[in-house]
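Report on one structure; see the data block that follows.
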Amino acid sequence: MSDAGEFIDLSLQRESSWRRADGLASRLEMEPGGKGLRFYGTSMGAVRGTVRDAGRRYPGLSHDEITALSSELWGSKLGTVPVFERRQAAVVLLQANVKLLTNSDLTRLEGFIREAQVRDLVDPLAVDVVGPLVGGLDVLARVRADSVLDRWMREPDAWLRRAALLSPLQALRAGAGDWDRFVRHANAVLGETQGPFDDGDGAVVRDAVSRVLAEMATRRPELQFTSAGG
């Protein structure tokens, strides 16, 4: 483990709580990704504080160092049991350094989302990492990134589809974002009445549509959603 990775891991363990760990395990075991995780029971505030402290202790990390550290914290190597709070720390690290990320990092993020299968991890990755990453690209790179998100929408993996739908949420909240694109993606989901997505996984995807529509109804009521079915 790298020095920065060890510092973060030990700090998270120092802030652990077995009661909080049991509560997290009970709540997240209802989601597919929750069953294969260890829990330290570290609060979200302590996770954020730990990543902030690591940034001060190891300043000026490069793009490659940030992405390597995020993968180390994610801990998906064969034979290792991933730790929920370490994965949270990976998400916070990427959130804090999203301006360093590039189009090619979508591959790494796709792997994280496929493995996560937990709203507490997938949603912040989508809203606070994937969305801002894509929004900060130049025109050519943005076209390539949009094609990646279009592919995610065609994937059988419900969590990738959820991430694609949630990715424009930060921009939409700020009065920007491509609403028409979201509507097309949402209608593609809502129009699925049978097939591999008409099950519990499909509910995960449709819930993402509902979340965006609910927020926009409050924040930007001028945006109109027209269902393809009428």
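Scope of the values below: all heavy atoms of this structure, side chains included, with no hydrogens, waters or symmetry mates.
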Listed by chain and number, what are the ring pair (Phe, Tyr, Trp, His ring centres under 6.0 Å) partners of Tyr40, not counting sequence neighbours? none

Can you tell if the side chain of [X] reaches within under 4.5 Å of the side chain of [Y], non-hydrogen atoms only?
X	Y	result
Glu31	Gln117	no
Glu110	Arg151	yes
Arg87	Leu37	yes
Gln88	Leu12	no
Trp74	Val91	yes
Val92	Gln95	yes
Val129	Phe112	no

Verify the distance criterion only: is there a donor paired with an acceptor across the side chains of [X] and [Y] at less than 3.5 Å?
X	Y	answer
Ser11	Arg14	yes
Thr50	Glu15	no
Ser71	Arg108	yes

Partners of Arg27 by side-chain contact (heavy atoms from CB on, under 4.5 Å), sequence neighbours excluded? Leu24, Asp120

Test item: [X] side-chain N/O and [Y] main-chain N/O as donor-acceptor pair under 3.5 Å:
X	Y	value
Arg162	Val204	yes
Asp157	Leu160	yes
Asp105	Thr102	yes
Arg220	Leu172	yes
Arg181	Asp146	yes

Which atoms form the tightest heavy-atom contact between Trp152 and Ala163, and what is the distance? CZ3-CB, 4.1 Å

If I compare all heavy atoms of Leu121 with all of Ala116, which pair ends up nearest, and what's the gap? CB-CB, 4.0 Å

Check the orientation of Phe225 and Phe182. Use parallel for under 30°, tilted for 30 to 60°, and perpendicular for over 60°. tilted

Are Arg56 and Asp53 within salt-bridge range, i.e. N to O under 4.0 Å? yes

Take Arg20 and Glu85 through the salt bridge (charged side-chain N to carboxylate O under 4.0 Å, His left out) test and state the conclusion after the steps. CA-CA 11 Å; Arg20 192 180 293 115; Glu85 289 83 2; over 6 Å; no

d(Ile113 CD1, Asp123 CG) to nearest 0.5 Å is 10.0 Å

